[in-house]
Amino acid sequence: MDNMEKDIILQVAQVSEKIGKRQEDVFYSIDNNDNNKEFKNVSIYNANGEYIVGQYIYDIANIEFKEGRPRRETVDGKDYIVYDMFKRSAPGESSGFWIRGVESVNSVMFLWQSAFIIILVIIPLILLLTALGGYYITKKAFLTVNNIIKTANDISAQNDISRRIEMVPNAKKDELQHLSVTLNKMLDKIENLIVQEKQFTSDASHELRTPISVILAQGEYLLDIAADEKEKELAQNIVAKANQMSKLVSRLLILSRIDQNRQRLVKEQVDIGVLVDIAIDSMRELAAQKHISLSANVSDGTVVDADESLLLSVLTNLISNAVKYGKEFGYVEVAASKAEGTTVITVKDNGIGIAKEHIDKIWRRFYRVDDVRNDEYGSCGLGLAMVKSIIKLHGGTISVKSEPGKGTEFRITL
């Protein structure tokens with residue numbers, strides 16, 4: 001079977017498939033006009049052999065339809081390759097369509113001869129035009145590619161899902177432009193999903209605050225009126241879990257407000273030394289249980305322009321983590337200093353440390369390195385995500401250095 005027969009069989013099979021899938025545009029797509037490239041050798045007839053649409057060759061219009069392999073027909077000295085297929089409207093029905101593929105053997109041979117002569121004559125010109133055209137097309141095509149790469153890098157670097165691929169003015173509607181439009185539509189959908197998720201988190205957090213407050217109040221009441229140790233233990237569990245849920249909801253609210261740019265920063269001149277002392281005092285009882293020493297080393301006059309409440313949440317969270325995951329008889333040291341308009345705060349411990357494979361993941365929401373240990377301390381995996389969001393909201397950065405068994409150091413730069 002030569003290439004001509006394979007091409008005709010392929011075209012007929014594709015049209016048959018479209019008819020089988022009841023694609024209404026199939027008749028339009030094979031209409032015999034200058035724009036039809038894919039099915040230029042195909043025509044469709046009804047079950048009675050009456051022409052409907054497609055290529056119409058008078059010489060073979062009355063040739064009998066026969067299913068089978070492609071065959072050669074000669075009419076008035078002209079040779080044609082003819083291939084017929086009958087496509088039923090539905091299995092078992094007699095109605096349907098005849099699909100005929102036709103190619104003139106003489107015209108194909110003539111085209112090959114003409115093409116061979118043309119190529120021999122204009123090869124030097126073709127090479128020159130190809131070089132010039134290739135340079136122009138490549139330059140223009142890579143402009144779209146560069147826009148796609150730039151947008152992807154911007155989204156990754158700035159975490160800004162609202163960025164879109166810049167469309168090249170007056171660009172040809174080719175595959176690259178279609179890809180850019182498709183990617184922009186995909187980014188629209190992703191952004192909408194993220195917005196909906198953030199809104200749901202915010203709404204759910206607000207709705208949970210009231211029932212959690214009621215549970216906490218009822219639990220504390222039960223604790224006060226407990227008749228024996230068993231009732232007291234049950235009430236303590238209720239209060240502990242309610243407090244844990246309250247902390248979780250508070251952090252979710254902060255994160256959702258930051259995500260939606262609704263978290264207000266009430267900035268004022270904050271003395272880091274005072275803030276560190278408050279945070280350390282709130283952790284002394286927990287640290288005493290593990291015989292962990294807490295110390296502060298803050299330079300005098302270390303003042304920053306920040307939201308005092310949010311910054312206190314950051315310090316409390318980092319010190320709390322250092323104590324929870326510290327070694328018995330270990331230490332937690334908080335230091336702060338200011339130089340050339342930059343304030344650096346460090347929280348250092350000699351605790352269990354963080355393995356290298358977890359370092360980049362600890363900032364993710366709900367990510368927990370050790371589920372068993374986190375359950376023991378009632379951790380929900382939102383603390384460090386909240387810390388990073390608050391520091392970023394202040395225009396600062398936070399980093400971590402850690403080694404398993406030797407300790408961890410968080411470094412905040414404002």
Looking only at non-hydrogen atoms, find the nearest pair between Thr343 and Val303 and report the distance. OG1-O, 4.3 Å
Note, Ile359 side chain near Ser402 side chain (heavy atom, < 4.5 Å): yes
Determine whether a donor-acceptor pair (N or O, by modelled atom type, separation under 3.5 Å) exists between the side chain of Thr342 and the backbone of Lys338. no
Please round to the nearest 0.5 Å and tell me the distance separating atom CG of Leu187 and atom CD1 of Ile165. 6.5 Å
For a side chain to side chain contact (heavy atoms under 4.5 Å, CB included) check, start with the C-alpha distance between Ile99 and Asp84, then their side-chain angles and the critical distance, and finish with the verdict. CA-CA 6 Å; Ile99 307 169; Asp84 296 327; over 6 Å; no
Kindly say whether the aromatic ring centers of Tyr45 and Phe65 come within a distance under 6.0 Å. yes
Please answer whether the main-chain N or O of Tyr331 pairs with a side-chain N or O of Asn350 as donor and acceptor at a distance below 3.5 Å. yes
Given side chains that start at C-beta, do those of Leu286 and Gln289 come closer than 4.5 Å, heavy atoms only? yes
Distance check, rounded to the nearest 0.5 Å: Arg69 atom CZ versus Ile9 atom CD1? 7.0 Å
Is the side chain of Lys327 donor-acceptor paired with the backbone N or O of Gly405 at a distance under 3.5 Å, no angle test? yes
Run the side chain to side chain contact (heavy atoms under 4.5 Å, CB included) test on Glu268 and Glu308 for me, step by step, so that the C-alpha distance in whole Å, both residues' side-chain angles and the decisive distance to 0.1 Å come before the verdict. CA-CA 7 Å; Glu268 56 185 313; Glu308 184 177 34; 3.7 Å; yes
Answer yes or no: is there a donor N or O on one side and an acceptor on the other, between the side chain of Glu67 and the main chain of Phe86, under 3.5 Å? yes
Give a yes or no answer on whether the side chain of Thr408 reaches the backbone of Asp349 with a donor-acceptor pair at less than 3.5 Å. no
Treating Glu333 as the side-chain partner and Val347 as the backbone partner, does any N or O pair qualify as donor plus acceptor under 3.5 Å? no
With rounding to the nearest 0.5 Å, note down the distance linking CD in Glu5 to CD1 in Ile81. 5.0 Å
Do the non-hydrogen side-chain atoms of Asp305 and Val270 ever get within less than 4.5 Å of each other? no
Is a donor on one side and an acceptor on the other found under 3.5 Å between the side chain of Lys361 and the backbone of Tyr367? no
Nearest 0.5 Å please: distance from the CD1 atom of Ile319 over to the OG atom of Ser282. 7.0 Å
Around Lys185, counting heavy atoms of other residues, nucleotides and ligands shown, do more than 12 lie under 6.0 Å from its NZ? no
Test item: Thr346 and Val334 side chains (from C-beta on) under 4.5 Å apart, heavy atoms: no
Under 3.5 Å donor-acceptor, Glu231 side chain and Ala227 backbone: yes
Heavy atoms of Asn46 and Ile52 approach each other most closely as N-CD1, 3.6 Å
Take a 6.0 Å sphere around CZ of Arg164 and say whether it holds more than 12 heavy atoms from other residues, nucleotides or ligands. yes
Of Leu414, Ile390, Thr316, the one forming a side chain to side chain contact (heavy atoms under 4.5 Å, CB included) with Leu311 is Leu414
Looking at Tyr83, I'd like to know if the NZ or CZ of Arg100 sits under 6.0 Å from its six-membered ring centre while staying within 45 degrees of the ring's axis. no
Quick check: do Pro70 and Ile8 have side-chain heavy atoms less than 4.5 Å from each other? no
In Å, rounded to the nearest 0.5 Å, how long is the span from NZ of Lys388 to CZ of Arg364? 11.0 Å
Under 3.5 Å, is there a donor-acceptor pair between the side chain of Ser389 and the main chain of Ala385? yes
When you compare the side chain of Ser295 with that of Val332, does any pair of heavy atoms fall below 4.5 Å? no
Where do Leu318 and Ile412 land on the side chain to side chain contact (heavy atoms under 4.5 Å, CB included) test, with the steps shown first? CA-CA 11 Å; Leu318 293 179; Ile412 300 170; 3.8 Å; yes
On a heavy-atom basis, which atom in Ile212 and which in Ala242 lie closest, and how many Å separate them? CG2-O, 3.6 Å
What I'd like to find out is whether the side chain of Ile398 reaches to under 4.5 Å of the side chain of Phe410, using heavy atoms alone. yes
For Ile272 versus Val304, what's the shortest heavy-atom pair and its separation? CD1-CG2, 3.6 Å
Does Asp224, at its CG atom, have more than 12 non-hydrogen atoms belonging to other residues, nucleotides or ligands within less than 6.0 Å? yes
Donor on one side chain, acceptor on other, Glu166 and Asn147, under 3.5 Å: no
Within the side chain of Lys232, is there an N or O that forms a donor-acceptor pair under 3.5 Å with the backbone of Leu223? no
Ile190 side, atom CD1; Leu183 side, atom CG - distance, nearest 0.5 Å: 9.5 Å
Looking at every non-hydrogen atom in both residues, tell me the closest pair between Ala336 and Thr302 and how far apart they are. O-OG1, 4.1 Å
Basic-acidic side-chain contact under 4.0 Å: Lys150, Asp154: yes
Determine whether more than 12 heavy atoms belonging to other residues, nucleotides or ligands lie under 6.0 Å from atom CD of Gln269. yes
Is Asp281 salt-bridged to Arg284, cutoff N-O under 4.0 Å? yes
Taking all non-hydrogen atoms of both residues into account, name the closest pair between Ile292 and Val323 and its distance. CD1-O, 3.5 Å
Report yes if some heavy atom in the side chain of Val314 is under 4.5 Å from a heavy atom in the side chain of Leu310; otherwise report no. no
Pair Gln11-Asp7, side-chain donor/acceptor within less than 3.5 Å: yes
